[in-house]
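Computed from a prediction, not measured in an experiment: that's the story for all the values here.
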Amino acid sequence: MAWLYLFVAGLFEVGWAIGLKYTQGFTRLVPTLFTGISMVVSLGLLGLALKSLPVGTAYAVWTGIGTIGTAILGIALLGEPAGALRLACIGLIVVGIVGLKLVSA
């Protein structure tokens, strides 16, 4: 269950990272509320996951999911570049997350 909490926490991290872009400096109410709620949910689920997962592993996976998701949505929604080297680097983060999952007790 801890890994599920961690995965969902990572998805909410993506939500608040992308949400920050749409708040326009916290001047737009709805995106700001969405971003704040996403932050609270993300950290709450990370806290639940940390009850049984090592902090180093959980934090690395949480930030990795956030990084991957934010980079992909940046490409898809915000027109950020999607060069081969950038995509390869995102792939390396995926490999790191899978590796941490495989070596965790």
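Linking Ile, Leu, Val, Met, Phe, Trp and Tyr whenever their side-chain heavy atoms come within less than 4.5 Å puts Val94 and Tyr59 in one cluster. Residue Val95 is not grouped with residue Ile93 when hydrophobic side chains (ILVMFWY) are merged at heavy-atom distances under 4.5 angstrom, including chains of intermediate members. Residue Val40 is not grouped with residue Trp16 when hydrophobic side chains (ILVMFWY) are merged at heavy-atom distances under 4.5 angstrom, including chains of intermediate members. Hydrophobic cluster membership is shared by Met1 and Val41, with clusters built from Ile, Leu, Val, Met, Phe, Trp and Tyr side chains linked at under 4.5 angstrom.
Residues Arg86 and Ile75 form a side-chain contact, since some pair of their non-hydrogen atoms from C-beta on lies under 4.5 Å apart. At a threshold of 4.5 Å between non-hydrogen side-chain atoms, the residues Leu78 and Leu73 do not count as touching. Residues Ile18 and Glu13 are not in side-chain contact: their nearest non-hydrogen atoms beyond the backbone lie 4.5 Å or more apart. At least one side-chain heavy atom of Gln24 sits under 4.5 Å from a side-chain heavy atom of Thr27. Between Val61 and Trp3, the closest side-chain pair of non-hydrogen atoms falls below 4.5 Å. Taking the side chain as every heavy atom from C-beta outward, Ile68 and Val14 never approach each other to under 4.5 Å.
A distance of 10.0 Å separates CG in Leu50 from CG in Leu43, rounded to the nearest 0.5 Å. Interatomic distance, Met39 CE to Phe34 CZ, rounded to the nearest 0.5 Å: 11.0 Å. Here the CD-OG1 distance, from Glu80 to Thr70, works out to 9.5 Å after rounding to the nearest 0.5 Å.
Contact record, Leu100 with Ala60: CD1-CB, 3.6 Å, taken as the closest heavy-atom pair. Contact between Ile97 and Gly64 at its shortest, heavy atoms only, is CD1-C, 3.5 Å. For the pair Ile90 and Ala71, the tightest heavy-atom approach, listed with the atom from each and the gap, is CD1-CB, 3.6 Å. Here the shortest heavy-atom pairing between Tyr5 and Ala49 reads CB-CB, 4.1 Å. When every heavy atom of Ala58 is checked against every heavy atom of Leu53, the shortest pair comes out as CB-CB, 4.2 Å.
With hydrogens and angles left out, the side-chain atoms of Ser42 and Trp62 include a donor and acceptor closer than 3.5 Å.
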Could you please spell out the steps behind the side chain to side chain contact (heavy atoms under 4.5 Å, CB included) verdict for Leu20 and Phe26? CA-CA 8 Å; Leu20 283 172; Phe26 299 105; 3.5 Å; yes

Go through it in stages, so that I can follow the logic: the residues are Leu77 and Tyr22, the test is side chain to side chain contact (heavy atoms under 4.5 Å, CB included), and I'd like the CA-CA distance, side-chain angles, deciding distance and then a yes or no. CA-CA 11 Å; Leu77 298 176; Tyr22 291 99; 4.0 Å; yes

Please evaluate residues Leu6 and Leu45 with respect to the criterion side chain to side chain contact (heavy atoms under 4.5 Å, CB included), reporting the C-alpha separation (whole Å), side-chain torsions for both, the decisive distance (0.1 Å), and the verdict. CA-CA 6 Å; Leu6 186 60; Leu45 290 171; over 6 Å; no

